[in-house]
Amino acid sequence: MPHGTGTPGPAPLLVACALGIERLALRGGGHCGAAGPVTVLRTGMGPAAADQAVTRALADDAMRYASVIATGFCAGLAPGMHPGDLVVADETRDAGGRTECAGAELLAKELARVAPRRVIHTGPLVGSDHVVRGAERSGLHAAGALAVDMESAATLRSAVRAGPRPVAAVRVVVDAPEHELVRIGTLRGGISAFRVLRTVLPAFIEWHRSLLLPRR
């Protein structure tokens, strides 16, 4: 019964990403053991595309009570970050405001279990409508953000606008201050990030399952 709504059956999980290569990695992770149906949605790049795709997906009656996770690749902002590091958002931020994430500590714990050799960072994830480089990255980090991407903030804002539900964001660093890509679409040097993204779906499923457990 999803989140006390009175609707029978387990709530679904919607996992939203922007790129085809991200969707390929996630689909390769398998859906075994899910507490409810799992849908991997490719939204397209940018906040507008993410907003439209997530709004449309959640308008389907079958997805009405879905939990939502935004995922894929990101640019790390903190010195010392490396491709393949994981970022678990405790909130997303952009010009439209802030969205609080549910169960960030639980999600980080599950990710540590499925990717034990990876560094996991927890903190704010900021949204942008363009690829961020150089001094702009430094400014975002100085404002407190750990990483930046173009879709997570819009995805989560659209999700909670469609109705109350747990939301989260997990990103894999594909470039960082010392490992900056010419453009994120090339994924040059991002093979490790792709491999990490292939491992994360079981952690998402466990997060989802735990949120559905009755509170004691």
Side-chain angles (χ1 to χ4, degrees), residues 11-19 21-36 38-43 66-78 80-93 99-127 144-153 155-156 159 165-176 179 184 187 189-213:
L13 173 62
L14 179 67
V15 180
C17 60
L19 303 176
I21 194 168
E22 294 168 337
R23 187 169 186 264
L24 177 65
L26 291 161
R27 287 171 67 88
H31 296 183
C32 295
V38 179
T39 298
V40 179
L41 172 69
R42 179 185 176 186
T43 65
S67 303
V68 175
I69 293 183
T71 195
F73 303 124
C74 71
L77 299 174
M81 280 182 153
H82 295 88
D85 286 3
L86 283 154
V87 176
V88 179
D90 56 12
E91 67 175 18
T92 56
R93 308 172 177 174
T99 304
E100 184 177 351
C101 297
E105 289 184 7
L106 169 64
L107 201 40
K109 178 181 177 181
E110 291 301 327
L111 288 164
R113 182 177 60 82
V114 301
R117 291 192 291 274
R118 294 298 171 179
V119 176
I120 299 172
H121 310 267
T122 301
L125 178 62
V126 68
L146 281 180
V148 58
D149 75 90
M150 292 194 287
E151 296 83 26
S152 292
T155 292
L156 300 199
R165 71 190 71 248
V167 296
V170 174
R171 291 277 170 170
V172 183
V173 174
V174 74
D175 71 335
H179 306 272
I184 199 165
L187 298 185
I191 294 173
S192 64
F194 178 84
R195 289 174 176 167
V196 173
L197 194 59
R198 283 179 60 92
T199 71
V200 299
L201 194 58
F204 295 174
I205 289 169
E206 191 57 37
W207 170 86
H208 180 230
R209 190 204 317 276
S210 297
L211 292 178
L212 295 179
L213 292 175

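It should be emphasised that the depicted structure is a prediction, and the values quoted were computed from it without experimental measurement.
No donor-acceptor pair closer than 3.5 Å links the side chain of Trp207 to the backbone N or O of Leu111. Of the possible polar contacts, none joining the Arg27 side chain to the Val40 backbone as a donor-acceptor pair under 3.5 Å is found.
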Residues 68-76 side chain polar contacts: donor-acceptor under 3.5 Å, at least two apart:
residue	atom	partner	partner atom	Å
Thr71	OG1	Val170	O	2.7

For residues 113-125, tabulate all N or O donor-acceptor pairs below 3.5 Å that involve a side-chain atom, not counting sequence neighbours.
residue	atom	partner	partner atom	Å
Arg113	NE	Glu110	OE1	2.8
Arg113	NH2	Glu110	OE1	2.8
His121	NE2	Asp85	OD2	2.9

Practice problem: Assess whether side-chain contact (heavy atoms from CB on, under 4.5 Å) is satisfied between Leu86 and Val172, documenting all intermediate values. | Solution: CA-CA 5 Å; Leu86 283 154; Val172 183; 3.7 Å; yes

Quiz prompt | side-chain contact (heavy atoms from CB on, under 4.5 Å) between Glu151 and Arg171, worked out | solution = CA-CA 11 Å; Glu151 296 83 26; Arg171 291 277 170 170; 3.8 Å; yes

Practice problem: Give the C-alpha distance, both sets of side-chain angles, the deciding distance and a yes or no for side-chain contact (heavy atoms from CB on, under 4.5 Å) between Leu77 and Val126. | Solution: CA-CA 10 Å; Leu77 299 174; Val126 68; 4.3 Å; yes

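In terms of heavy atoms, Val148 sits closest to Gly127 at CG2-C, 4.5 Å. What you find for Ala102 and Ala168 is that their closest heavy atoms are O-CB, 4.2 Å. Closest of all the heavy-atom pairs between Ser67 and His208 is OG-CD2, 3.4 Å. Among all heavy-atom pairs drawn from Ala89 and Ala104, the shortest one is O-CB, 3.7 Å.
Residues passing the salt bridge (Lys or Arg N to Asp or Glu O under 4.0 Å) test with Arg93, sequence neighbours excluded: Glu91.
Once rounded to the nearest 0.5 Å, the distance linking CG of Leu156 with CD of Glu100 reads 11.5 Å. Atoms CG and CD, from Leu211 and Glu206 in turn, are 10.0 Å apart once rounded to the nearest 0.5 Å. Atoms CG and OG1, on Leu19 and Thr43 in that order, are 8.0 Å from each other to the nearest 0.5 Å. Considering CG of Leu197 and SG of Cys17, their distance stands at 7.5 Å, rounded to 0.5 Å. For the atom pair Leu24 CG and Arg198 CZ, the distance stands at 7.0 Å (nearest 0.5 Å).
Contact of the Val167 side chain with the Thr92 side chain is not registered, since no non-hydrogen atoms from C-beta on lie closer than 4.5 Å.
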